[in-house]
There are 2 protein chains.
Amino acid sequence: MRWEPGAPDRLQQAALELFATRGYEETTAAEIAQAVGLTERTFFRHFKDKREVLFRGQDHLVKAALQGVNAAPEQATPMEVLTSALQAITSAFSDERRPWSRTRQQVIDRNPALQEREQHKLSILAATIAEAMAARGVAAPTATLAARSGIAAFEVAFLRWIADGEQRPLTVIIKDVLDELRALLR
Amino acid sequence: MRWEPGAPDRLQQAALELFATRGYEETTAAEIAQAVGLTERTFFRHFKDKREVLFRGQDHLVKAALQGVNAAPEQATPMEVLTSALQAITSAFSDERRPWSRTRQQVIDRNPALQEREQHKLSILAATIAEAMAARGVAAPTATLAARSGIAAFEVAFLRWIADGEQRPLTVIIKDVLDELRALLR
DNA sequence: AGCTCGCATGTCAGTTGCTGTCATCACTAG
DNA sequence: CTAGTGATGACAGCAACTGACATGCGAGCT
C-alpha cells in the first residue's frame with residue numbers, strides 16, 4: 001500500500017502523547033499529523049476538529065447504552081432501566097484501558113476546551129438514554145432526570161475508577177455509586 | 001465622553017439579534033462589533049471568545065447558588081440543601097427575562113458549539129454547588145450526585161419555563177420537577 | 001497487459017477566531 | 001498645566017479550519 005493503515009488510530013495515539021507532554025494548546029494539528037507522517041489537511045479529514053481526536057468511539061458508548069436500556073425487562077422501574085444502561089456502558093471499560101483513560105483524563109482536566117467537549121458528549125449520551133427510556137413509556141421529564149442523574153453517577157464512578165490505588169472494575173464501582181444515589185433522596 | 005457607555009451590553013444585544021437572524025456561524029465577531037460602532041479587537045477585550053457573548057452573568061448564578069446552599073439550616077438533608085440552592089438560582093429568572101431567554105435558547109439549540117459552552121457552564125455550576133455542600137459536611141460523592149441531579153432538574157424546569165403557553169414562574173416549576181426527581185428513586 | 005475508477009492523501013489558497021503590541025485621545029487628579 | 005488612566009483603534013500575525021484541485025496506488029474489468 002502507498003500509506004500505512006490505521007491513520008486515525010496513529011493520529012490519536014500521537015495526539016495524546018503530545019498533549020500529555022507539551023500540552024494541548026501548545027500542540028498544533030500540523031505537529032500531530034507530522035508525528036505520524038501525514039499532513040494537517042489529512043488530520044482534519046479524520047477528525048472534524050482538533051479536540052475530537054481525544055473523543056473517538058464515544059458513539060460506541062451510545063450504542064451500548066441503548067442496548068442496555070432495551071435489555072431491561074418490560075415492567076422494570078425507571079431506576080432499574082437506568083441501572084441496566086449504566087451496566088452496559090461501564091462494561092465497555094476494560095482494565096487494559098485504564099492507563100490510557102488516566103492520561104487522557106489528566107489532559108482533559110488541564111484544558112477547559114476539552115472539558116467542554118467532554119460535557120457535551122456526556123450530555124448527548126444522557127439525552128439518548130432519556131429518549132430510549134421515553135420510548136419505553138417512561139414520562140419524558142422523569143426519563144431526562146433519570147438519565148442525567150445516571151450519567152452523573154457514571155462520572156463519579158469513572159473518576160473513582162481511574163484514581164490511584166483503585167483496583168475494582170468499573171462495573172462494580174458503579175453499583176456502589178448508584179446505591180449512594182438511591183440513598184440521596186430518602 | 002468619547003465613546004458610548006455599556007459596550008458589553010450593546011455587544012451582547014447586537015450579537016443575539018444577529019445570531020437569531022443570520023445564524024451563529026454566519027456572523028463574524030467583526031460584524032457584531034461593527035453593528036454597535038466598535039472594532040473586532042474591542043469585542044475580544046470584553047469577551048474572551050465569540051461564544052461568551054451569550055453567557056454573560058453566569059457567574060452571577062454561581063453566587064446565587066452558593067448563597068442558597070448556605071441559607072439552608074444547619075442540619076438540613078442534602079436534598080433540602082439542594083432545594084434551597086435551586087430556589088436561589090431560579091429566583092434570578094424574572095418574567096421579564098423570559099422572552100430574551102427564549103430567543104437565546106433557540107440560538108443555542110441550533111449550534112453545537114454553543115451547546116458545549118452551555119453544558120460546561122452548568123457543569124461548573126454543579127461543581128460549585130457540590131463543593132459548597134461538601135464544605136457543609138456532606139460526603140463528596142453524595143454532594144456531586146446531588147448537585148448534578150439538581151442541575152438536571154433545573155434544565156428540565158428551565159425548558160418548561162420558556163415553553164409556549166407556560167405561565168408559571170420558574171421558582172414554581174422547579175418545585176414540581178424536584179418532586180418528580182424525588183419520586184424517581186422511590 | 002492495459003485501462004479505469006475509487007480512495008486516501010498532498011498542495012495551496014483563503015477565511016475566521018483570537019492575541020500581542022503600540023498608538024490615540026478624552027477625561028481626571030494633582 | 002502636566003502626568004496618568006482607561007477604553008479604544010490600527011496593524012501584524014498565528015493557528016484552526018475549509019474548499020478546490022492534483023496525485024498515485026491498488027482493485028476490478030476487459
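Keep in mind it's a predicted model, so treat the numbers as computed, not measured. Protein chains get the first letters and strands the later ones, always in sequence-line order, with residue 1 at the start of each.
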Q. Which nucleotide sits closest to the side chain of Thr39(B): dT11(C), dG10(C), dG9(D)?
A.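 The listed nucleotide nearest to Thr39(B)'s side chain is dG9(D).
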**Q.** Residue Lys50(B), side-chain heavy atoms: nucleotide from dT8(D), dG10(C), dG17(C) that is nearest
**A.**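 Among dT8(D), dG10(C), dG17(C), the one nearest the side chain of Lys50(B) is dG17(C).
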Can you tell me the distance, in whole Å, between the [atom1] atom of [X] and the [atom2] atom of [N]?
| X | N | atom1 | atom2 | result |
| --- | --- | --- | --- | --- |
| Arg117(B) | dG17(C) | CZ | C1' | 13 Å |
| Glu25(A) | dA15(D) | CD | P | 12 Å |
| Leu38(A) | dA8(C) | CG | C1' | 10 Å |
| Glu40(B) | dT8(D) | CD | P | 15 Å |
| Glu4(B) | dA26(C) | CD | C1' | 14 Å |
| Asp49(A) | dG17(C) | CG | C1' | 14 Å |
| Glu52(A) | dA16(D) | CD | C1' | 15 Å |
| Glu31(A) | dA16(D) | CD | C1' | 13 Å |

Q. Which residue, Lys48(B) or Trp3(B), contacts DNA chain C at a nucleotide closer to its 5' end, judged by nearest heavy atom?
A.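 Residue closer to the 5' terminus by nearest nucleotide: Lys48(B).
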Q) DNA chain C: Phe47(B) or Arg41(A), which has the more 5' nearest nucleotide? A)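 Here Arg41(A) is the residue nearer the 5' end.
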**Q.** Within 45° cone of Phe43(B) ring axis and under 6.0 Å: Lys50(B) NZ or CZ
**A.**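 Cation-pi check for Lys50(B) and Phe43(B): fails.
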Q.
On the six-membered ring of Phe55(A), is Arg104(A) placed so that its NZ or CZ lies under 6.0 angstrom from the centre and within 45° of the ring axis?
A.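 The answer is yes; both the distance and angle limits are met.
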Q) For Thr28(A), which of Glu26(A), Glu25(A), Glu31(A) qualifies under side-chain contact (heavy atoms from CB on, under 4.5 Å)? A)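 Single pass found, and it is Glu31(A).
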Q.
Between Thr42(B) and dG9(D), is there a contact of a side-chain N or O with OP1 or OP2 at under 4.0 Å?
A.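 Yes, because at least one side-chain N or O of Thr42(B) sits under 4.0 Å from OP1 or OP2 of dG9(D).
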(Q) With a cut-off of less than 4.0 Å, is there a side-chain N or O of His46(A) near OP1 or OP2 of dA8(C)? (A)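 For dA8(C), OP1/OP2 do not have a side-chain N/O of His46(A) under 4.0 Å.
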Q: Assign Ala30(B) to base, sugar-phosphate, or nothing according to its heavy-atom contacts below 4.0 angstrom with the strands shown.
A: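 Nothing, no heavy atom under 4.0 Å.
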Q.
I want to check something: taking the side chain as every heavy atom from C-beta on, are Phe93(B) and Leu61(B) in contact at a cut-off of under 4.5 Å?
A.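 Side-chain contact under 4.5 Å: yes.
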Q: Looking only at non-hydrogen atoms, find the nearest pair between Ala143(A) and Ala134(A) and report the distance.
A: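 The answer is CB-N, 4.1 Å.
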Q: Nearest-nucleotide wise, let me know which of Arg45(A) and Ala29(A) is further upstream toward the 5' end of DNA chain D.
A: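 Going by which nucleotide is closer to the 5' end, it is Ala29(A).
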